[in-house]
Amino acid sequence: MTQDTPAASLGKTYEFKELEERWLARWHEDNCFAARMDEGRPAYTIVIPPPNVTGVLHIGHALDDTLQDILIRYHRMLGHNTLWMPGTDHAGISTQNVVERQLAKEGTDRHQLGRKAFLDRVWQWREEKGGTIIRQLKRMGFSCDWNRERFTMDEGLSRAVREVFVCLYKEGLIYKGSYIVNWCPRCHTALADDEVDHDDQDGALYHLRYPLADGSGEVIIATTRPETMLGDTAVAVHPEDERYSHLPADTAFLLPLTGRTIPLIRDTYVERDFGTGALKVTPAHDRNDYELGLRHKLDQVQIFDDQGVMNENAGAYQGLDRFECRKRIVEDLKAQGFLVKEESYRHAVGCCYRCKTVIEPYVSEQWFVSVRPLADKAVEAVKSGRIKIYPDTWYRTFYSWMDNIRDWCISRQIWWGHRIPAWICADCGGITVEMADPTACTHCGSKNITQEEDVLDTWFSSALWPFSTLGWPEQTKELAMFYPTSVLVTGFDILFFWVARMMMMGLHFMGDVPFRDVYLHALVRDKHGKKMSKSTGNVIDPLDMIAQYGADALRFTLAAFAAQGREIRLDTDRIEGYGRFLNKLWNAARFVEMHLSKEAGIKPLASGEKPGKLVHRWMLHRLNATVRETRKALDGYNFNEAASSCYQFVWHYFCDWYLEWIKKDLFSQDAGVAHEARATLFAVFESTLKLLHPIIPFVTEEIWSKLPGERGYLMLTPFPEAAPAWDDEAADREMTLLMEVISGLRTIRTTADLHPGAQIKAEILCPNGEKRALLERYRAEIMNLVKAEDLNIAASGTVPNDAGHALVQDVELVVPLSGLIDAVGELEKLTREEGKLLKELERVQGKLNNPQFTGKAPEAVVSKEREKAADLEARLAKTRESMARMRALG
RNA sequence: GGGCGAAUAGCUCAGUUGGGAGAGCAUCGGCCUUACAAGCCGAGGGUCACAGGUUCGAACCCUGUUCCGCCCACCA
């Protein structure tokens, strides 16, 4: 694939919007993101955590998918058969809520519409809005194989859901039972334990009088939910609580307001230290009371309906909302003398994670998955290392959660979702579950069967995502090639909702892990560490950021922030800062392009070739180091290190030193010199673009396309490898000295307040012959880069009093500056310097005088300390000489 | 209550086998030096939360404390 338009040169300014949109279109037209399925290549697969089909892109997706795209682009360039599987989730409750809110605005509701019409409405909504998030993901440059986009409720995935449900049911791992569940009275549905948020709220603790039935006394009981007393079926105390040991086993209480009689039970579950040590037991509306009720065979008295409205068991309170009822109950208890006291009390209240309504524990018929056997397999897969978790701090959390896992409630009393494929017989009550829709009860043959109303928990279908999207239950070639997937990248917040369940389902149905690695990134917060929320007004909208700084700038920033195990405090200033980096890269590219275009047919230096000049050898050595660092970082999911390694290389090594240094060569009349500079520059810059491409695909692709020669797509070129021929430690050492000398001379200039354009005379005193020869060799470059019209290099010499002076390594830098020296200021600085040196020297000598140190520390460390001591002493001496000169001056 | 993480420059953060404290932004000074003022050249700035311990040597390992954040379980 080569370019179809002739290369025009790069524009003067970096116009990210235009070029990003242009490349997006090109990549899609040429199908660059399509999964490759060549023989003999390793596969690399990621399934996208499917966003809510009706959602919009938020910063969490931007981060999550940027990291995935970096990995996918990297492995595509490594030559793997990459597949990034995209898709969306039907997100049962939250999508249904959105549509229900719409209906409410229109003055109607789903019950008036009926199931069929309502579902049509949701599908219609999905048709209209379902493309939004996908378009936004594409705008970020995410290179999913978009032709394969799936939806958790499309035909194929629904078939996978049916298959899994039927199998698990037949294996006895799915059952229907009565249980106390978390009930959202607003969503009218059961919620799984992990769909309940616990928010601290201010409430009250009411102390109530429960009189003994025989009138011989009373027990005081504390509760935060007084209205539930209507459903009390016992009073519980600890069996060894001496305060209540006088009460006989058959003690009964008269339930206030109702006059019902309830028994006393004794159970070790009761905390003696809390409140009065006596507990009211409401088996139908409290999870622990439910267990207690089962143990003691208590009645379950349900006192409100599925909307939180008091029912017939609430007697006079029937028809009241649960909170209204609480008020009335408190008033009545008070009026009748049953309320002893009321104290304010802050405690955690369970709330629906979707709508924040206070949930109620509620006894109902629900469907469950017996997760224990499935969970054991998942734990085993992680323990054996078949699945690795990054960062590893999550292992412990994972195990403890899996150890305490309870059966998974998979039924939801909503309409939007996969309707449970179970048919109930009205005659015999039997349940029929088959792959094909049944027409008669399998137990009694009756035709009088109806399908279960409930739908499945959203996470049921997403648990199948790694294999359902590849065509399962068909044995497709995609399934054979791309399963197990390589890595699952997501926020730690859905480790249990989703990741753990994928493990269970994958292991059970595919007989293999769904992914080899799990990379859990932190959640994005604002720069102060607060959660982003609309109400706080601290939301950073990725779409705004793209508009302001471009997708590349946002991507680079997110990568730079993605250090493992830290929360990500995103600051828009940083996005702006990295936008400047892209501008820098752009301008460097213009410079490179300008010079490469001067030589027809220029080709980059081959990886086996070694240039003659020091600066080129040094640059290639640094490039090698950067290539190694970047690969290592990406291989270990250290995205921030990859980003900062490239940043440092481009800006500070490539631009600040290399380009400045080789300018003269690039303009040289000597064709050989100019050619070597161009060829090396070309090679280094090409590799740089490749290294950066996974992080910032747009701008690198644009620049790549404008370089000389046949240009295919950068995204399809091989990722750089370090070339052994280019390793050159000596060049690195030599260049370091030269750079330090140049910086030192520049510091003298600046300190003396010299105009940047002014030429100086300088002297370098260097006792070391080898170094002196080096400096001599690069005399012209030094003079050029420090703007010296005269440079004298000698083994030794005297330093005039009125000269600027600096010391780098064992090299003295001298710049005569008659009348320009601020002797007092310099002396102050030198005095500070002397103090630092003395302190450091004392520390180092202390070490060297310690036989423990010289005896135990590795030889390399000791000799390093010796060198350091010698160096410090020399610098101290030179500093004192300088001080003497300053004193002599003024 | 249990668990986890964090505390490093004014701000946001790096610092992965313990061996001379770093970046970006911000601040100060000087520059339109023909790739780049979205820039260049310099400068200043930190008792690495606190107290002990291990070690020849600690930002890093151990113990405790303080403060912050999160997760799990919840005390009715």
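These values consider heavy atoms only, across backbone and side chains, with no hydrogens, waters or symmetry-generated copies. Just so we're on the same page: letters track the sequence lines, and every chain starts at 1.
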| request: Starting from P on B/C71, measure out to CD1 on A/I389 and report it in whole angstrom. | output: 18 Å
| Taking atom C1' of B/G19 as reference, at what distance in whole Å does atom CD of A/E865 sit? | 7 Å
| Say you pick atom C1' in B/C4 and the same atom in B/G19; how far apart are they, in whole Å? | 31 Å
| said: Using whole Å, what does the distance between atom P of nucleotide B/G3 and atom CZ of A/F496 come to? | reply: 16 Å
| Think A/Y647 has a side-chain N or O under 4.0 angstrom from the OP1 or OP2 of B/A14? | no
| Between A/K847 and A/T854, a side-chain donor and acceptor under 3.5 Å | no
| Partners of A/R322 by salt bridge (Lys or Arg N to Asp or Glu O under 4.0 Å), sequence neighbours excluded? | A/E360
| message | For a quick check, with a 4.0 angstrom heavy-atom cut-off, what is the B/S/- contact string for nucleotides 31-40 of chain B, read 5' to 3'? | response | S---BB-BSS
| query | Near RNA chain B, under 4.0 Å by heavy atom, which residues of residues 743-754 of chain A? | reply | A/S743, A/R746, A/T747, A/T750
| task | Please confirm whether the backbone N or O of A/G11 pairs with a side-chain atom of A/W586, one donor and one acceptor, at under 3.5 Å? | result | yes
| query | When you match A/R832 and A/N638 each to their closest nucleotide on RNA chain B, which lands nearer the 5' end? | reply | A/N638
| When rounded to the nearest Å, what value does the distance between C1' atoms of B/C31 and B/G22 take? | 27 Å
| field | Pairwise C1' distance, B/U65 and B/G57 [rounded to whole Å] | value | 25 Å
| query | If we take the C1' atom in both B/A7 and B/U17, what is their distance in whole Å? | reply | 24 Å
| query | When you measure from every atom of RNA chain B, which of residues 276-289 of chain A have a heavy atom less than 4.0 Å away? | reply | A/G277, A/A278, A/L279, A/N288
| said: If you assign each of A/P858 and A/K829 to its closest nucleotide in RNA chain B, which residue comes earlier from the 5' end? | reply: A/P858
| request: Compare the minimum distances between each of B/A76, B/U12, B/G19 and the side chain of A/T223, then state the nucleotide with the smallest one. | output: B/A76
| message | Within the 4.0 Å heavy-atom criterion, would you say A/P851 contacts the bases, only the backbone, or no part of the nucleic acid? | response | nothing
| request: Name all residues meeting the salt bridge (Lys or Arg N to Asp or Glu O under 4.0 Å) criterion together with A/E702; count only those two or more places apart in sequence or in a different chain, and write none if there are none. | output: A/R22, A/K706
| message | Are there runs of at least three consecutive Watson-Crick or G-U pairs touching RNA chain B, with each pair's two distances under 3.5 angstrom? Give them by first number. | response | B:1-5 with B:68-72, B:10-13 with B:22-25, B:27-31 with B:39-43, B:49-53 with B:61-65
| request: Starting from C1' on B/G20, measure out to NZ on A/K836 and report it in whole angstrom. | output: 14 Å
| query | Given atom CG of A/L523 and atom C1' of B/G5, what is their separation to the nearest angstrom? | reply | 13 Å
| query | Just how far is it from atom CD1 of A/I359 to atom CG of A/N182, taken to the nearest 0.5 Å? | reply | 4.0 Å
| message | Base, sugar-phosphate or nothing for A/Y549? Non-hydrogen atoms, less than 4.0 Å. | response | nothing
| query | If the P atom of B/G20 is compared with that of B/A59, how far apart are they to the nearest Å? | reply | 10 Å
| Who are the side-chain hydrogen bond (donor to acceptor under 3.5 Å, both in side chains) partners of A/T680, not counting sequence neighbours? | none
| field | Sub-6.0 Å ring centroid separation between A/H595 and A/F667 | value | yes
| query | Listed by chain and number, what are the salt bridge (Lys or Arg N to Asp or Glu O under 4.0 Å) partners of A/R866, not counting sequence neighbours? | reply | none
| Taking only N and O in the side chain of A/H652, is any of them less than 4.0 Å away from OP1 or OP2 of B/G22? | no
| request: Evaluate the criterion salt bridge (charged side-chain N to carboxylate O under 4.0 Å, His left out) for residue pair A/E291 and A/R287; output intermediate values, then yes/no. | output: CA-CA 7 Å; A/E291 307 276 345; A/R287 179 164 227 142; 5.5 Å; no
| What interatomic distance, in whole Å, is found between C1' of B/A37 and the corresponding atom of B/A6? | 39 Å
| field | Residue that, paired with A/T700, satisfies side-chain contact (heavy atoms from CB on, under 4.5 Å) out of A/T688, A/L582, A/D552, A/L692 | value | A/L692
| A/E833: salt bridge (Lys or Arg N to Asp or Glu O under 4.0 Å) partners, not counting sequence neighbours | A/R875
| message | Strictly by salt bridge (charged side-chain N to carboxylate O under 4.0 Å, His left out), give each pair with a member in residues 650-661 of chain A just once, sequence neighbours left out. | response | A/E660-A/K663
| query | How far does the P atom of B/G1 sit from the matching atom of B/U47, given to the nearest Å? | reply | 35 Å
| request: For B/A21 versus B/U8, give the span between their C1' atoms, rounded off to a whole number of Å. | output: 9 Å
Distance-only donor-acceptor hits, side chain of residues 739-749 of chain A, under 3.5 Å, sequence neighbours excluded:
residue	atom	partner	partner atom	Å
A/E740	OE1	A/Q809	NE2	3.2
A/S743	OG	A/M739	O	3.2
A/R746	NE	A/L785	O	3.3
A/R746	NH2	A/L785	O	3.4
A/T747	OG1	A/S743	O	2.8
A/R749	NH1	A/A758	O	3.0
A/R749	NH1	A/V786	O	2.7
A/R749	NH1	A/K787	O	3.1
A/R749	NH2	A/H755	O	2.9
A/R749	NH2	A/P756	O	3.3
A/R749	NH2	A/A758	O	2.8

| query | Looking for any heavy atom pair under 4.0 Å, which part of the strands does A/T397 touch: base, sugar-phosphate only, or nothing? | reply | nothing
| query | Does NZ or CZ of A/R622 come closer than 6.0 Å to the centre of the six-membered ring of A/Y653, within 45° of the ring's axis? | reply | yes
| note | In whole angstroms, the gap separating C1' of B/G3 from CH2 of A/W394 amounts to 11 Å
| Which residues share a side-chain hydrogen bond (donor to acceptor under 3.5 Å, both in side chains) with A/S644, sequence neighbours left out | none
